[in-house]
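Encoded as structure tokens, the structure appears first; notes follow it.
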Amino acid sequence: MRRKLAAGNWKMNGTAGALSELVELAKHVKPGDAETLICPPAPLLYLACEKLRGTAIAIGAQDCHIEASGAYTGDISAPMVADTGATYVILGHSERRDAHDETNADIAAKTRAAWGAGLTAIICIGESGADREEDKTLDVIAAQLAGSVPENASGQNSVIAYEPIWAIGTGKTPTLDQIVEVHDFIRARLNDRFGQETGDTIRLLYGGSVKSENAAEIFTAENVDGALVGGASLKAADFAPIIKALSRA
Ligand code: PEP
């Protein structure tokens, strides 16, 4: 049985005052609801963990370096993330693959670093609009899964987020059939590679313009175990209904 996961990615949004939204969100999340995670910008990680101590909301980072320490100005290592009290880290988000030229090999190395620090990696994959138009979606997904997800992945240490790039922040979403096709494909690939006993434990999140209006339909898919949510995770009033829809699914 995979526990549902509602993960919020705040991207580069929010200063300390925004943490009041987390405190508000915590009032809505009850025991038995879907697991809830917020990934704020790195400077807020420690404070977010302090403010949410004793609540049901987990905290994660949005990236980590492959090394534990060293001369990497501006970077943050996985042990540093773990030291804040955070338990997850998003890796390979398309905005990082694109703006920071992150390759599948980089993401696999970051994932191993995250595991080494005891963090659960949320590994993001997804096709561009051009890939989909050219009918290359499943080939792209297969290559990203093979290259970004290291050996020894399991439900304990990894979550996969399917985020079609053309759906992120655009208000466009794939049809339910398109989401089902990709999620079923990812599940089959994980089962082939890691064996069904392990593959079936790895949670698969859908990400890309999830809102309270479309969440319930997306969560009907058997292999959608939750969502990675950008814009609609910034305000408790927007994210709470998505968590509730997932908890009911
Ligand atoms: C994201 O950034 O991972 C994302 C899915 O963003 P949005 O929900 O805003 O499309």
Side-chain angles (χ1 to χ4, degrees), residues 4-14 18 21-22 25 34-42 44-45 48 57-64 86 88-100 102 107 110-111 114 120-129 131-132 137 140-141 144-145 148-149 158-176 178-179 182-183 186 203-219 221 223-246 249:
K4 310 272 184 198
L5 173 62
N9 172 17
W10 278 14
K11 311 191 188 196
M12 198 172 73
N13 294 295
E21 290 295 329
L22 288 187
L25 186 66
E35 184 179 358
T36 301
L37 166 72
I38 293 285
C39 299
L44 297 182
L45 285 173
I57 300 180
I59 293 295
Q62 299 172 15
D63 182 42
C64 72
Y88 283 84
V89 58
I90 297 170
L91 295 171
H93 192 283
S94 60
E95 287 155 13
R96 293 205 61 87
R97 288 180 186 260
D98 183 31
H100 299 267
E102 290 190 6
I107 293 151
K110 289 180 177 208
T111 300
T120 300
I122 299 180
I123 303 166
C124 301
I125 57 176
E127 82 285 3
S128 67
D131 294 332
R132 184 159 279 278
T137 298
V140 169
I141 295 298
Q144 290 178 334
L145 274 177
S148 309
V149 181
S158 299
V159 174
I160 310 292
Y162 167 56
E163 298 207 302
I165 299 168
W166 53 273
I168 295 178
T170 59
K172 295 181 197 159
T173 46
T175 64
L176 184 60
Q178 288 172 325
I179 293 174
V182 176
H183 279 244
I186 295 170
R203 290 176 291 180
L204 309 184
L205 309 184
Y206 168 76
S209 296
V210 175
K211 308 184 266 308
S212 59
E213 293 82 0
N214 59 17
E217 188 195 7
I218 292 168
F219 297 151
N223 279 310
V224 171
D225 302 308
L228 180 54
V229 182
S233 71
L234 291 170
K235 296 280 175 217
D238 295 330
F239 200 32
I242 295 173
I243 297 165
K244 293 295 168 191
L246 183 59

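We're numbering straight along the sequence, starting at 1. First listed ligand is number 1; within each ligand, the first listed atom is number 1.
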Tell me the residues surrounding ligand 1, counting only those with a heavy atom closer than 4.0 angstrom, sorted by chain and number.
-> N9, K11, H93, E163, A167, I168, G169, G207, G208, S209, L228, V229, G230, G231
Student check: side-chain heavy atoms of R97 and I107 closer than 4.5 Å = yes
For the residue pair W10 and Q62, confirm or rule out a side-chain donor-acceptor distance under 3.5 Å.
-> no
Could you pull out all residues at least two apart from Y206 that satisfy ring-ring contact (aromatic ring centres under 6.0 Å, His included)?
-> none
Residues passing the side chain to side chain contact (heavy atoms under 4.5 Å, CB included) test with N214, sequence neighbours excluded, are T173, V210, K211, I218
Counterpart residues, side chain to side chain contact (heavy atoms under 4.5 Å, CB included), relative to S158 (two or more places apart) = W115, I123, A153
Indicate whether the side chain of R203 and that of T120 have a donor and an acceptor atom separated by less than 3.5 Å.
-> no
